[in-house]
Asker: 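I'd like to ask some things about the structure below.
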Amino acid sequence: MLRFGAVGLLNTALGYTLILTALALGLGDIVSNATGYAAGLTLGFFLNRRWTFGRAGGFRSGAVVRYAITFIVAYGANLGIVIAAMSAGFIENPFVHLAGNCLYSVICYLGSARFVFVADDRDALAGTNAT
């Protein structure tokens with residue numbers, strides 16, 4: 001759990017930094033947000049897969065698909081907050097993105113722990129063969 005939290009902090013720091021940088025460059029809310037999340041998503045998958053959950057083997061399409069589904073749900077919730085805030089008049093407000101980022105992180109944590117990086121039949125077979 002600590003490792004997941006450390007990865008989450010790293011993802012959040014990278015993503016939020018890129019969001020603020022993109023906003024400063026005038027890319028607007030949506031492009032800035034997408035840029036930050038794309039970088040955080042990629043970093044999070046590799047770090048969580050290898051370091052947090054110890055999946056050192058090759059890519060498993062099931063994990064990638066489940067990670068993508070978790071991301072879509074989490075990012076949709078985040079984007080909902082950003083769009084709702086923009087509709088309320090909060091344009092290019094960094095606190096709006098921070099609120100969306102927090103919700104995104106909670107959904108990603110729950111999805112990763114319970115849905116994405118769970119042991120499958122190959123893990124069980126490898127454990128049986130190792131004993």
Asker: Could you walk me through whether Phe117 and Phe4 satisfy the ring pair (Phe, Tyr, Trp, His ring centres under 6.0 Å) test, starting with their C-alpha distance in whole Å, then the side-chain angles of each, then the deciding distance to 0.1 Å, before giving a yes or no?
Answerer: CA-CA 11 Å; Phe117 297 110; Phe4 191 89; 8.2 Å; no
Asker: Heavy-atom distance under 4.5 Å between the side chains of Leu79 and Ile30, does that happen here?
Answerer: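 In contact.
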Asker: Looking only at heavy atoms, what is the nearest atom pair of Ala77 and Leu103, with distance?
Answerer: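 Here Ala77 and Leu103 meet closest at CB-CD2, 3.5 Å.
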Asker: Which heavy atom in Ala39 sits nearest to a heavy atom in Leu18, and how many Å separate them?
Answerer: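 Minimum heavy-atom separation between Ala39 and Leu18: CB-CD1, 3.3 Å.
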Asker: Which residue pairs pass the side-chain hydrogen bond (donor to acceptor under 3.5 Å, both in side chains) test when at least one of the two sits in residues 3-12, sequence neighbours left out?
Answerer: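 As it turns out, there is no side-chain hydrogen bond (donor to acceptor under 3.5 Å, both in side chains) pair with a partner in residues 3-12 once direct neighbours are skipped.
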Asker: Between Ser32 and Leu23, is there a donor-acceptor pair closer than 3.5 Å when you use the side chain of the first and the backbone of the second?
Answerer: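 Such a contact is found between Ser32 side chain and Leu23 backbone.
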Asker: Looking at every heavy atom in both Cys108 and Thr70, which two are closest together, and how far apart are they?
Answerer: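 In terms of heavy atoms, the two residues are closest at CA-CG2, 4.0 Å.
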Asker: Assigning hydrophobic clusters by single linkage (Ile, Leu, Val, Met, Phe, Trp, Tyr; side-chain heavy-atom cutoff under 4.5 Å), is Val116 placed with Ile72?
Answerer: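 Looking at the clustering, Ile72 is in the same group as Val116.
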Asker: Tell me, do Tyr109 and Ser105 make a side-chain contact under 4.5 Å, heavy atoms counted?
Answerer: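 Of all side-chain heavy-atom pairs linking Ser105 with Tyr109, none is under 4.5 Å.
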Asker: Would you check if the distance from the ring center of Phe46 to the ring center of Tyr67 is below 6.0 Å?
Answerer: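 Judged by ring-centre distance (under 6.0 Å), Phe46 and Tyr67 do not meet the cut-off.
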Asker: When rounded to the nearest 0.5 angstrom, what distance separates CG in Asn33 from OH in Tyr104?
Answerer: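 Reported to 0.5 Å precision, the distance equals 10.0 Å.
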Asker: Should Phe45 and Val106 be regarded as members of a common hydrophobic cluster, given that ILVMFWY residues are connected when their side-chain heavy atoms come within less than 4.5 Å of each other, either directly or indirectly?
Answerer: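 Yes, it is one cluster - the side chains of Phe45 and Val106 are joined through contacts under 4.5 Å.
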Asker: Walk me through whether His97 and Ile81 qualify under side chain to side chain contact (heavy atoms under 4.5 Å, CB included).
Answerer: CA-CA 8 Å; His97 291 281; Ile81 286 178; over 6 Å; no
Asker: Which pairs, with at least one residue in residues 81-95 and sequence neighbours excluded, count as a side-chain hydrogen bond (donor to acceptor under 3.5 Å, both in side chains)?
Answerer: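 Applying side-chain hydrogen bond (donor to acceptor under 3.5 Å, both in side chains) to every pair that reaches into residues 81-95, excluding sequence neighbours, yields nothing.
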Asker: Is it the case that one hydrophobic cluster holds both Leu25 and Leu20, taking links as side-chain heavy atoms less than 4.5 Å apart, direct or via other members?
Answerer: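 Unlinked, Leu25 and Leu20 end up in two clusters.
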Asker: Please give me the minimum heavy-atom distance between Thr52 and Asn48, naming the atom from each residue.
Answerer: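 Between these two residues, the closest heavy atoms are OG1-OD1, 2.8 Å.
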Asker: Any side-chain heavy atom of Leu14 within less than 4.5 Å of one from Leu10?
Answerer: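 Not touching, per the 4.5 Å side-chain cut-off.
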Asker: Determine whether Ile69 and Phe115 satisfy the following criterion, side chain to side chain contact (heavy atoms under 4.5 Å, CB included), listing intermediate values before the conclusion.
Answerer: CA-CA 10 Å; Ile69 290 169; Phe115 178 60; 4.1 Å; yes
Asker: Are the side chain of Tyr16 and the backbone N or O of Pro94 linked by a donor-acceptor pair below 3.5 Å?
Answerer: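 It does hold such a pair.
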Asker: Using the ring pair (Phe, Tyr, Trp, His ring centres under 6.0 Å) criterion, which residues pair with Tyr75? Sequence neighbours excluded.
Answerer: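 By the ring pair (Phe, Tyr, Trp, His ring centres under 6.0 Å) rule, Tyr75 matches Tyr37, Phe71.
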Asker: Do Asn78 and Asn101 meet the criterion of a side-chain donor-acceptor pair at a distance under 3.5 Å?
Answerer: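 Absent: no donor and acceptor within the cut-off.
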